[in-house]
Amino acid sequence: MSTLLEVSGVSVTFDGFRAINNLSFAIGQAELRAIIGPNGAGKTTFMDIITGKTRPDSGTILWGEKSVSLLKMSEAQIARAGVGRKFQKPTVFEDQSVQENLLMALSNARGPFAVLVWRPAQEDLDRVRDLASEIGLADALPRKAGELSHGQKQWLEIGMLLAQEPRLLLVDEPAAGMTPAEREHTTEILVEAARTRAVVVVEHDMEFIRRLNCRVTVLHEGSVLAEGSLDHVTANKEVIDVYLGR
Amino acid sequence: MSRTPLSQPRRSFVARNPSVLVFLAVLALFTLLVTGLSEGFGVGLISTSFVKTLGKTLTLALVAVAMDLVWGYAGILSLGHFAFFGLGGYMIGMWLMYERTRQIVTDSMANATIPPSESEIVDAIGTQIFGVVGSSEFPLVWAFADSLALQLLLVVAVPGLLALVFGWLAFRSRVTGVYLSILTQAMTLALALYLFQNDSGLRGNNGLSGLQNIPHLDHVPQSVLSIWFFWASAAALALGYLFAAWIVSGKFGSVIRGIRDNEARVRFLGYSVEGYKLFLFTVTAMIAGIAGALYYPQAGIINPAEIAPIASIYLAVWVAIGGRGRLYGAVIGAVFVSLVSTWFTGGQAPDINLGFYTISWVDWWTILLGLSFVAVTLFAPKGIGGLFDLWAGFRHPDRHGADLGPDHGALREKEATE
Ligand SMILES: Nc1ncnc2c1ncn2[C@@H]1O[C@H](COP(=O)(O)OP(=O)(O)OP(=O)(O)O)[C@@H](O)[C@H]1O
Ligand SMILES: [Mg+2]
């Protein structure tokens, strides 16, 4: 399987503190990957780097078949190239309806002039409705996103992510604030999405990770501590010491 | 104009679309009423100078709509839109002054035994216009002053270009929030100071005057002209309002409101935030220019003091008092505050004698306005426009003190409706 994203030797320092230390990571075109690690391990920062929010001090990030460097691209360009992201804290546009949130995320033209004259076609509205039923918000389309519960906002953000149709999904702690049933549904959506695209999930909940049933990367102090199946990494002595044993 | 047809919230449809119709109807009624009561076309209950005040007020409402687009919808607190307004005024003022002076000069030279040459006429116009600043040469900026069409083009082109260049530099460097506001103030101040100089080419602190005298329309009395301008102002406001409502009605409106509340999130959706800001900043600067070009012929004079930074701050105050993030709020704020301001500062408000001290409203009005601004910000963030929410039964959501987004311009909890 060919790689979609290849991160090599990336380091980031915040005021002398090395948050990411010579990190290397690769993921294939259609692959599900879980990232675990203690608080402050650098999981969110890792996503910040891929999405262009944080610029690394050194290292390379190559994307796609043509191996273009993401380091020269702006956040918006990276997103348009096909990297979608769900934030740790649910971030939806609270003053706007669920429908408006989803319409904004749909993978249509992004330029100001195109957007100015754009009006949703029936297929866009159908797509929004399908997505909404997939994330259990079919009845909430006209509601303002700010009125939704924490878990529903998580859902909406996942829906927006799917609407973008990215080639790589970066999902930061999707299950936080969800009921067990909702977690299960999230797992299904992520596994399903990973059939056709690359999905990286950061999560603390081991049960959740187990259900994903995928390769696991353990981050610690900004670099990869272990990688392999969940059973493989949980048996690792170092992993037990820094993460599981606490 | 129509919003997304399907499964839109009912109240959003009721709250948004009809408001445009209601606004246009009210504006049309108001225009008819003023026309019917005017000296030029009606029974003469409204003086010509008050018609001009009302016409000017409509152009202020138009620039307030532009301000609301840029601040209320996109969260960019520009404190420079009155500079664009003033530039629009200067651009039309140049033609008005040039053409009118040319008329006077050619009339006075018509009796001369030797017919004057073209260059003699131009020299005479130059002496007339620039005598006050000790010059008679036409500066470069007057190159197109003899052409109405070109100066009309400059009314939108000059503010638009300035906004484009300024915005490109500022947005590209990701200057946001209070720093951007300060930068726009600096731009405004620099422009005003430049125009104050005699060698700026725009007659320094004298500014351009006699703009109420429209060339070739000497036979039309001011009472009629004032109504013409009033109509033009009303039409411009109607079109500007429609255009603004169209801009914010679709996905573009969603994106800029997203930028206001959480611009980083918009970026991660793949929208180039800078491009959107630049587009909006430039377009609203052009609208401001058009508003200014209609205002100053009704005011009769424009000078650099009009562009002073405080004017742009007033603009923000109007929008805040009217209620930002809703177009009719901006109009209400501009109309209400500027009319009340005219009343107070025009010496019509009776002074209050406290025995030991007399409150003279000409001086105290600014303080009253400042206090109202603070009070509105603290106690009624939705502004006057929020009264319509009471009537429609909207409440603001209880978000336990959290605003709708992390950004500086984000809608505050109390500004939002559920
Ligand atoms: N912008 C920043 N400036 C300074 N330090 C930062 C910044 N962003 C992250 N850090 C630091 O980098 C380290 C890694 O943070 P990060 O948020 O990536 O951890 P995480 O693995 O996502 O943790 P959690 O499980 O708590 O979400 C932390 O020590 C954090 O304090
Ligand atoms: Mg994190």
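Here is the naming used below: chain letters follow the sequence lines, and residue numbers restart at 1 for every chain. Atom set for the values below is all heavy atoms of this structure, side chains included, hydrogens, waters and symmetry mates excluded.
How far CG of A/L116 is from CZ of B/F279: 4.5 Å, rounded to the nearest 0.5 Å. In this structure, NZ on B/K251 lies 4.5 Å from CG on A/N108, to the nearest 0.5 angstrom. Note that the CD atom of A/E75 and the OH atom of B/Y271 stand 16.0 Å from one another [nearest 0.5 Å]. Put simply, CZ on B/R257 and CD on A/E94 are 13.5 Å apart, with the number rounded to the nearest 0.5 Å. To the nearest 0.5 Å, atoms CG (A/D95) and CG (B/N262) are separated by 12.5 Å.
Here A/G111 is the residue among A/S74, A/G52, A/G111, A/A105 with the most heavy-atom pairs under 4.5 Å with chain B. For the set B/A264, B/A410, B/G258, the entry with the most heavy-atom pairs within less than 4.5 Å of chain A is B/G258.
In terms of modelled atom types and a separation under 3.5 Å, the side chain of B/R267 and the main chain of A/A79 share no donor-acceptor contact.
Residue contact with chain A, scored on non-hydrogen atoms closer than 4.5 Å, involves the side chain of B/D261 exclusively. Using a 4.5 Å cut-off between heavy atoms, A/A140 does not touch chain B at all. With a 4.5 Å cut-off on non-hydrogen atoms, B/Y276 touches chain A through its backbone and its side chain both. Proximity to chain A (any heavy atom under 4.5 Å) is shown, for B/V266, by both the backbone and the side chain. For a residue to count as touching a neighbouring chain, one of its non-hydrogen atoms must lie under 4.5 Å from one of that chain's; by this rule B/L411 touches chain A with the side chain only.
When the heavy atoms of residues 156-163 of chain A are compared with those of chain B, the residues falling under 4.5 Å are A/E157, A/M160, listed by number.
B/A238 meets the side chain to side chain contact (heavy atoms under 4.5 Å, CB included) test with B/L24, B/L27; sequence neighbours excluded. Applying the side chain to side chain contact (heavy atoms under 4.5 Å, CB included) test to A/E65 and every residue at least two apart in sequence or in another chain returns A/Q29, A/R167. For A/F93, the ring-ring contact (aromatic ring centres under 6.0 Å, His included) criterion is met by no residue, not counting sequence neighbours.
With a 6.0 Å radius and a threshold of 12 heavy atoms from other residues, nucleotides or ligands, A/D130 has its CG atom above the threshold. In the displayed structure, B/W168 atom CH2 is contacted under 6.0 Å by at most 12 heavy atoms of other residues, nucleotides or ligands.
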